[in-house]
J.: 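For reference, the structure I am asking about is given below.
Residue numbers begin at 1 in each chain, while the letters A, B, ... track the order of the sequences.
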Amino acid sequence: MTERYYITTAINYPNGRPHMGHAYEAIATDFIARFRRLEGREVFFLTGTDEHGLKIAQAARAAGQSPREYVSEMVHHFKEMDEVLNISYDRFIRTTEPDHYACVQDLWTRMEASGDIYLGKYEGWYSVRDEAYYDEKELIAGDDGEKLSPEGTPVEWTVEESYFFRLSAYQEKLLALYEAQPDFIQPAHRLNEMKSFVSGGLRDLSISRTSFDWGVPVPGTTDHVMYVWLDALSNYLSGVGYPDESYRDWWPCDVHVIGKDVVRFHSVYWPAFLMSAGIELPKAVFGHGFVLWDGKKMSKSSGNVVEPLGLAARYGTDQLRYFLLREVPFGHDGAYSEDAIVTRANADLANDLGNLAQRCLSMIAKNCEGRVPEPSTPTPADKALDMALSDILSEMQDHMGRLQIHSALETLWRQVGETNAYFAGREPWALKKTDPEAMGSVLYRTADAVRQLAILAQPAVPEGAAKLLDLLAVPENERSFDALGNKLRPGTELPAPKGVFPRLERQTEETAS
RNA sequence: GGCGGAGUAGCUCAGUCGGUUAGAGCAGUGGAAUCAUAAUCCAUGUGUCGGGGGUUCGAAUCCCUCCUCCGCUACCA
């Protein structure tokens, strides 16, 4: 039976348009999903939007729309982003979908049945105008020293009826989980943070609100809606059909790919909810870092220049994907700039891989009647090339076992370099005059190396890799990792070669004076 | 404040259960080649391994201390 693999991004909060952070998470998760598929696994890749909550309600009101109208419009931008970036999701879930409501309400009922939900009081500094609670330390002092919200609106100490989840009962169980399954939270330094957080003691969690109504109704009540995380997190279950038993086809999830800012919710609240409901826990949560524009956190004022779709349009989807995956160590923060994208894409995609394919294929076109030439008895250099190539997949898989995407790509591109060195060392253009048969053999082996490199590069640069495989006349059903050993067949007619990864120019924003 | 992490070549970083001349990529410099997207290949680093002290035959790697930066420290998501 085919091994199954279930992977998710966090669902995005559409109170604004997608930004680079959304793009980065989608791209990284897509890489993993594609990689697993090519390994022969059956993959379910879930992404989507988290559409409830106060901020959405407020943003909708500001736009003069109902929340439902507002999110239906915003979600379009997120789907468009996924489309442009070639995100191969299997389902795009929206928390406003009816089956999601059924899922969360079922989850709630189970948690309630295990005695972990009780009615209590939530109190804090509440601003009627903002409809929001603020923490004591967020407040600012007014002219007369009175307390004001960060928005400058008056606040008053307010007590509201709220259902609570008995999170405090899960401290030991969570610590035991981290102990027994240290891979549950990755990368490792996040595990340490969570251990220390949980060790410090857990308070019960308010999980309903009566102060607004844009949310999933709490079963058996008329005035409570579920509060944020219980609603949002359970998308991972509703996305695969829960509460229908068929959810077990995919659950437990193999990995939730999330931002480092929401590690706590995924590695503390979420497992506690699931334990309470008697549902299996996901196998792992991976908190990736942030991508920073020129080393700074992106600000709204930097504007559309840094929007992911703008970058993709200017430099190419593959180029943007490759840059982010290769340049940012997965799990750490990284910096991006147009300069860096151009440099990296040119060096690795245009110069190394693209040009390797082009120099080899154009020689085949000109000197071998456009047909795959014949390999002759391998020379030591040929054997060394074969050996090196045959090791790449398992090396990449080692890295991917720890989700070290950048290391996997580093491994692959080291081999692209080796292949260029092989080609230059064998000098087929010189052999053309002295030993045409040897030339054909070098071209064959290089072309087959490109075939293997392209197969392995598919998760990062799906479009370009597909074009390379087209140029090599590799059938669609021979493009997964188990086809790496299916050598090119001599005599196969090849299409006319053309460049796959164009060399990029940096697009200068403006010229002074 | 508490807990944790980091400071290594111009840039981004790898390397630390102590051990021959501290590595890679990019950038730079020199050379080769001309099949190719002026791409490629080869060669090339006088680095206080944050400062100081200590342990040791020997420390980037262990200990102490100081400096700097960063993360976590719950109900916005």
J.: What integer number of Å spans the C1' atoms of B:G47 and B:C13?
T.: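 So the two C1' atoms sit 14 Å from each other.
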J.: Take atom C1' in B:G23 and the same atom in B:G45, then report the distance between them in whole Å.
T.: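 B:G23 and B:G45 have their C1' atoms separated by 11 Å.
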J.: Nearest whole angstrom, please: distance from the C1' of B:G2 to the CZ of A:Phe197.
T.: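 Spelled out: CZ on A:Phe197 to C1' on B:G2 is 15 Å.
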J.: For A:Gly201, answer base if it contacts any base atom (sugar-phosphate contacts may also be present), sugar-phosphate if it contacts only those atoms, and nothing otherwise; contact means non-hydrogen atoms under 4.0 Å.
T.: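 If one applies the 4.0 Å heavy-atom cut-off, A:Gly201 turns out to touch a base.
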J.: With heavy atoms under 4.0 Å as the rule, sort A:Ala350 into base, sugar-phosphate or nothing.
T.: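 Result for A:Ala350 = base.
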J.: In whole Å, measure the gap between the C1' atoms of B:G52 and B:C57 for me.
T.: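 Each nucleotide's C1' atom is 23 Å from the other's.
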J.: Taking the C1' atom of each, how far is B:G19 from B:C62, in whole Å?
T.: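 The same atom, C1', in both gives a distance of 14 Å.
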J.: Less than 6.0 Å separating the ring centroids of A:His266 and A:Tyr236?
T.: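 Aromatic pair counts; centres sit under 6.0 Å.
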J.: Within the distance-only criterion (no hydrogens, no angle test), does the side chain of A:Asp50 pair as donor or acceptor with the backbone N or O of A:Tyr13 below 3.5 angstrom?
T.: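 No, because the side chain of A:Asp50 does not come within donor-acceptor range (under 3.5 Å) of the backbone of A:Tyr13.
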J.: Reckon A:Phe423 touches a base, only the sugar-phosphate, or nothing at all at heavy-atom distances under 4.0 Å?
T.: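 Base contact - A:Phe423 has a heavy atom under 4.0 Å of at least one base atom.
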J.: At 4.0 Å (heavy atoms only), tell me whether A:Val500 reaches a base, stays on the sugar-phosphate, or touches nothing.
T.: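 Answer is base: heavy atoms of A:Val500 come under 4.0 Å of a base.
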J.: Rounding to the closest angstrom, what is the interatomic distance between B:U73 and B:U65 at atom P?
T.: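 About 27 Å, rounded to a whole number of Å.
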J.: Pick base, sugar-phosphate or nothing for A:Leu167, based on heavy-atom distances below 4.0 Å to the nucleic acid.
T.: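 Base contact.
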J.: What's the closest nucleotide to the A:Arg190 side chain, out of B:C26, B:C41, B:G71?
T.: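 The answer is B:G71, which lies nearest to the side chain.
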J.: Taking the C1' atom in each of B:U56 and B:C64, what is the distance between them to the nearest angstrom?
T.: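 One C1' to the other, the span is 16 Å.
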J.: Under the rule for salt bridge (Lys or Arg N to Asp or Glu O under 4.0 Å), what residues qualify as partners of A:Glu73, not counting sequence neighbours?
T.: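 Residues passing salt bridge (Lys or Arg N to Asp or Glu O under 4.0 Å) with A:Glu73: none at all.
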J.: Remember a base hit wins even if backbone is also touched, and classify A:Asn15 as base, sugar-phosphate or nothing at under 4.0 Å, heavy atoms.
T.: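 The residue A:Asn15 makes no contact with any strand.
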J.: Can you tell me how far C1' in B:C35 sits from the matching atom in B:A24, rounded to whole Å?
T.: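 That atom pair is separated by 28 Å.
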J.: According to the Watson-Crick and G-U wobble definitions, with both distances under 3.5 Å, which nucleotide is paired to B:A14?
T.: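 Here B:A14 is not engaged in any pair, so there is no nucleotide opposite it.
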J.: Using the P atom in both, what is the distance from B:G15 to B:G30, to the nearest Å?
T.: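 Rounded to whole Å, the distance is 34 Å.
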J.: Does A:Gly53 reach a base, just sugar-phosphate, or nothing at all? Heavy atoms under 4.0 Å.
T.: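 Touches nothing.
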J.: Do any side-chain nitrogens or oxygens of A:Arg503 fall under 4.0 Å of OP1 or OP2 in B:A39?
T.: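 Affirmative; the distance criterion is met.
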J.: Check every strand shown and say whether A:Ser362 touches a base, only sugar-phosphate, or nothing at a heavy-atom separation below 4.0 Å.
T.: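 Sugar-phosphate only.
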J.: Considering every strand and a 4.0 Å limit on heavy-atom distances, what is the contact class for A:Arg414: base, sugar-phosphate, or nothing?
T.: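 Contact class for A:Arg414: none.
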J.: Quick one: sort the A:Tyr163 and A:Trp108 rings into parallel, tilted or perpendicular, breaks at 30° and 60°.
T.: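 Answer is perpendicular, since the angle exceeds 60°.
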J.: Look through every strand shown and name the nucleotide pairing with B:U46 as Watson-Crick or G-U wobble, where both distances are under 3.5 Å.
T.: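 For B:U46, the partner nucleotide comes out as none, under the 3.5 Å rule.
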J.: Could you tell me whether A:Asn420 contacts a base, only the sugar-phosphate backbone, or nothing, with contacts defined as non-hydrogen atoms closer than 4.0 Å?
T.: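 Counting heavy atoms under 4.0 Å across all strands, the contact made by A:Asn420 is with sugar-phosphate only.
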J.: Base, sugar-phosphate, or nothing: which does A:Leu361 touch, judged by heavy atoms less than 4.0 Å apart?
T.: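 Answer is nothing: A:Leu361 stays at 4.0 Å or more from every strand.
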J.: With a cut-off of under 6.0 Å to the ring centre and 45° to the axis, is A:Arg344 in cation-pi contact with A:Phe323?
T.: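 No - A:Arg344 does not lie over the ring of A:Phe323 by the 6.0 Å and 45° rule.
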J.: Would you say A:Asn351 reaches B:U37's phosphate, i.e. side-chain N/O to OP1/OP2 under 4.0 Å?
T.: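 For B:U37, neither OP1 nor OP2 has a side-chain N or O of A:Asn351 closer than 4.0 Å.
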J.: Give the rounded distance in Å between these two atoms: CG of A:Asp333 and P of B:A6.
T.: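 Rounding to the nearest Å, CG of A:Asp333 and P of B:A6 are 15 Å apart.
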J.: Would you indicate what A:Tyr13 reaches in the nucleic acid, counting non-hydrogen atoms under 4.0 angstrom: base, sugar-phosphate, or nothing?
T.: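 Sugar-phosphate: the residue A:Tyr13, judged by heavy atoms under 4.0 Å, touches backbone atoms but no base.
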J.: Suppose we define a pair by two distances each less than 3.5 Å, Watson-Crick or G-U wobble; what does B:C69 pair with here?
T.: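 B:G5 is the nucleotide pairing with B:C69.
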J.: Which nucleotide, if any, forms a Watson-Crick or G-U wobble pair with B:A27, using both distances under 3.5 Å?
T.: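 Paired with no nucleotide.
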J.: Taking the minimum atom-to-atom distance to the side chain of A:Lys55, which one of B:C72, B:C42, B:C76 wins?
T.: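 Taking heavy atoms from C-beta onward, the closest nucleotide is B:C76.
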J.: Taking side chain as C-beta onward, heavy atoms only, is A:Asp231 less than 4.5 Å from A:Val225?
T.: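 Contact flag for A:Asp231/A:Val225 side chains = no.
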J.: When you measure from the centre of the six-membered ring of A:Phe31, is the NZ or CZ of A:Arg321 closer than 6.0 Å and no more than 45° off the axis?
T.: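 The answer is no, since A:Arg321 fails at least one limit relative to A:Phe31.
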J.: Both distances under 3.5 Å, Watson-Crick or G-U wobble: report the partner of B:A59, or none.
T.: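 Its partner is none (no Watson-Crick or G-U wobble pair with both distances under 3.5 Å).
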J.: Taking only the side-chain nitrogens and oxygens of A:Lys366, find out if one of them lies under 4.0 Å from OP1 or OP2 of B:A36.
T.: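 Answer is yes, contact under 4.0 Å.
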J.: How would you label the contact of A:Asn367 with the nucleic acid (heavy atoms, under 4.0 Å): base, sugar-phosphate, or nothing?
T.: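 Counting heavy atoms under 4.0 Å across all strands, no contact is made by A:Asn367.
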J.: Quick check on B:C41: is either OP1 or OP2 less than 4.0 Å from any side-chain nitrogen or oxygen of A:Arg426?
T.: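 No, A:Arg426 has no side-chain N/O under 4.0 Å of OP1/OP2 on B:C41.
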J.: In residues 181-190 of chain A, what donor-acceptor pairs under 3.5 Å come from side-chain atoms, sequence neighbours left out?
T.:
{"from": "A:Gln181", "atom 1": "NE2", "to": "A:Lys283", "atom 2": "O", "distance (Å)": "3.1"}
{"from": "A:Gln186", "atom 1": "NE2", "to": "A:Asp183", "atom 2": "O", "distance (Å)": "3.1"}
{"from": "A:Arg190", "atom 1": "NH1", "to": "A:Glu193", "atom 2": "OE1", "distance (Å)": "3.1"}
{"from": "A:Arg190", "atom 1": "NH1", "to": "A:Glu193", "atom 2": "OE2", "distance (Å)": "3.4"}

